[in-house]
2 protein chains.
Amino acid sequence: MELDPKNTQAVLVAQEIRTLILNGVFTPGQPLRQDALCERLNVSRTPLRHALQSLAEDGLVEVAGFKGARVAILDQGMVDDLFQMRMLLEPLALQSALPRLTKVDFAKAEMVLDAAEAEQEPSRLSQLNWDFHRALYGPSNRETLMRTIQQINTASAFAEVIANSIGARRSDSADEHRRLLEACRAGDQASASSLLTDHLRRAHVAVQ
Amino acid sequence: MELDPKNTQAVLVAQEIRTLILNGVFTPGQPLRQDALCERLNVSRTPLRHALQSLAEDGLVEVAGFKGARVAILDQGMVDDLFQMRMLLEPLALQSALPRLTKVDFAKAEMVLDAAEAEQEPSRLSQLNWDFHRALYGPSNRETLMRTIQQINTASAFAEVIANSIGARRSDSADEHRRLLEACRAGDQASASSLLTDHLRRAHVAVQ
DNA sequence: CAAAATCAGATTGGATCCAATTATGGAATT
DNA sequence: AATTCCATAATTGGATCCAATCTGATTTTG
C-alpha cells in the first residue's frame with residue numbers, strides 16, 4: 001500500500017541542497033553553479049539538474065534558461081501570498097482531518113513538539129514544524145490538498161528562516177502549537193480553526 | 001522587463017505531451033515509455049525526462065522510481081481538492097486584481113472568450129479558459145499566488161477534459177464567463193466574487 | 001574617448017553511453 | 001500442475017561528452 005520513496009540521487013541531492021539553503025549556507029540571490037555543486041555533493045550534473053528543477057518548483061531556487069540557477073529572493077508580496085494561501089488552505093485540511101484524528105496522531109504530534117523544543121538547526125526545525133502540521137492534517141487523507149500545502153509550506157519555511165523568525169518565535173510558536181493540539185484533542189473545531197489561523201497570522205507578521 | 005520564455009526543448013516537449021494528454025491521445029493510466037516518446041517527439045531522453053518531471057509537478061503524470069511514468073489517474077477526492085482549492089484561491093486573486101483592471105484587460109478577456117467560442121480542441125479550449133481567468137487575475141501582480149492557481153488549474157483542466165465536461169459545459173461556461181466579465185467591468189466586487197464561486201461550483205459538479 | 005562589434009572563456013542544455021533496477025519467461029522443484 | 005528460482009531482456013537513472021548560449025574583456029570604429 002506504500003509507494004516507493006524513490007531513493008534516487010536526484011531527490012537525495014535535492015534534499016541536501018534544500019538543507020543548505022534553509023541553514024543559510026546558500027543565501028538568497030547566490031548563484032548555484034552546476035559544476036561547483038556537483039563537486040561539493042559528489043554527483044554528476046544529470047541528477048543535479050533534476051534536483052534544481054525540483055527545488056525551483058518548491059520556490060527555493062529561481063532558474064532562467066541558459067542563465068543558471070540562483071537561490072530564490074523572497075519579496076514581501078511573495079511572503080504575503082504564501083501566508084494568505086496557508087490561512088485559506090490549512091484550516092480546510094484541519095477541518096477535514098479533525099474527526100479522524102486518533103490518539104496515535106495526537107501522540108505523534110506531541111512527540112514532534114518535544115523534539116522541536118530541543119532542535120536548533122533551522123532546516124531540522126522547519127522539518128519538525130511541518131511534521132507537526134502534517135500530523136494534524138494528514139488524516140484528512142486529501143493527498144492533493146496536502147501536496148499543495150506542503151509545497152507552500154516549504155517556501156514559507158524558507159521565508160521564516162531568512163527572517164530568523166523561526167528562531168525568534170520558537171517559544172511562542174511552541175505554545176501556539178500546544179494550544180492548537182489541545183483544541184484538536186478536545187475535538188473543538190471552531191477553536192482549532194481559529195487557533196490555527198492566529199498561529200499563521202502571527203508567523204506571517206513575524207516574517208515581515 | 002520580460003523574463004525569458006525559456007525556449008528549451010524540455011519545456012517545448014512538456015507542452016507537446018501536455019497537449020497530447022489533454023486531447024485524450026494519452027489516456028489516464030497509460031504508461032509513458034521514454035524511448036517511445038523520444039522517437040515520437042524527436043528528442044533525446046535528457047529533455048524528455050525533464051519534461052516528465054515538470055508534468056508530474058502539474059499532476060498530469062505520475063512517476064514512480066525506476067518504474068516509469070504513467071498518465072495520472074484522477075479520483076474523486078483529487079477532483080474535489082482541486083476545485084475546493086480553486087474556490088478559495090481564485091476569489092482572492094480576483095479581489096486583488098479587480099481595482100487594477102483596465103479597459104485593455106477587459107478587451108483581452110473578451111477576445112479570449114470570442115476565440116473560445118470557435119475552438120473545439122480540448123487542449124486549446126482549456127488554454128483559452130485559463131487565458132480568460134488569467135486576464136482577470138493577472139493584474140493583481142501576485143506572482144506566487146498566480147503560480148499556485150495556474151498549477152491547480154492545469155490539473156483541473158485535465159479533470160474537465162476526462163469528464164468531457166469541458167465540451168458539455170461549453171455554452172454554460174461561456175455564459176458564466178461573460179456574466180463574470182460584466183461584473184468585473186462594473187467593478188462590483190461582491191457580484192464578481194459570487195459569480196466566480198458559482199462558476200467554479202458548477203464546473204466542479206459537472207466533473208463528478 | 002565612447003560605443004559598438006567581436007572573440008575567447010565559462011556555463012548551461014542536449015545527446016549518447018554505461019550502470020542499476022525492474023519486469024518477463026523458462027526451468028527446476030515439490 | 002503450481003510455485004519458486006534464476007537468468008535474460010527491457011527500462012529507467014546516472015555519467016560523460018558535445019553543442020548552444022551567455023558573459024566579459026579586448027578591439028575596432030565613429
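Residue numbers start from 1 in every chain, and the chains themselves are labelled A, B, ... in the order their sequence lines are given, proteins ahead of strands.
When the side-chain nitrogen and oxygen atoms of B:Gln9 are compared with OP1 and OP2 of C:dA15, one or more of them lie within a distance under 4.0 Å. B:Thr46 has no side-chain polar atom (N or O) that falls below the 4.0 Å cut-off from OP1 or OP2 of C:dG14.
The residue among B:Val43 and A:Ala69 whose nearest nucleotide of DNA chain C is located toward the 5' end is A:Ala69. Mapping A:Ser44 and B:Asp35 onto DNA chain D by nearest heavy atom places B:Asp35 at the nucleotide closer to the 5' end.
Whole-Å rounding puts the A:Glu39 CD to D:dA15 P distance at 14 Å. Going from atom CG of B:Leu12 over to atom P of D:dA20 covers 16 Å, rounded to whole Å. If you take CZ of B:Arg33 and C1' of D:dA9, they are 13 Å apart, rounded to a whole angstrom. Computed from coordinates, the B:Lys67 NZ to C:dA20 P distance equals 22 Å when rounded to whole Å. When the P atom of C:dG14 is taken as reference, atom NZ of B:Lys6 falls 9 Å away, rounded to whole Å. Rounded to an integer number of Å, the gap from B:Gln53 CD to D:dT12 P is 15 Å. Counting to the nearest Å, the P atom of C:dT22 and the CG atom of A:Asn7 are 10 Å from each other. The interatomic distance linking A:Arg49 (CZ) with D:dA15 (C1') rounds to 12 Å, in whole Å.
The nucleotide whose nearest atom lies closest to any side-chain atom of A:Arg45 is, among D:dG14, C:dG13, D:dT12, C:dG13. Side-chain atoms of A:Pro47 lie closest to D:dA15 of the nucleotides C:dG13, D:dA15, D:dT12. Closest to the side chain of B:Phe66, out of C:dT21, C:dT12, C:dT16, is C:dT21.
Residues B:Leu48 and B:Ile17 meet the side-chain proximity criterion, which asks for heavy atoms closer than 4.5 Å. Counting heavy atoms from C-beta outward, A:Glu176 and A:Leu195 have side chains that stay 4.5 Å or more apart. The shortest distance between side-chain heavy atoms of A:Arg202 and A:Arg169 falls below 4.5 Å.
Aromatic pair B:His204/B:His199: ring centres not closer than 6.0 Å.
The aromatic rings of A:Phe132 and A:His177 sit tilted relative to each other, their planes meeting at an angle between 30° and 60°.
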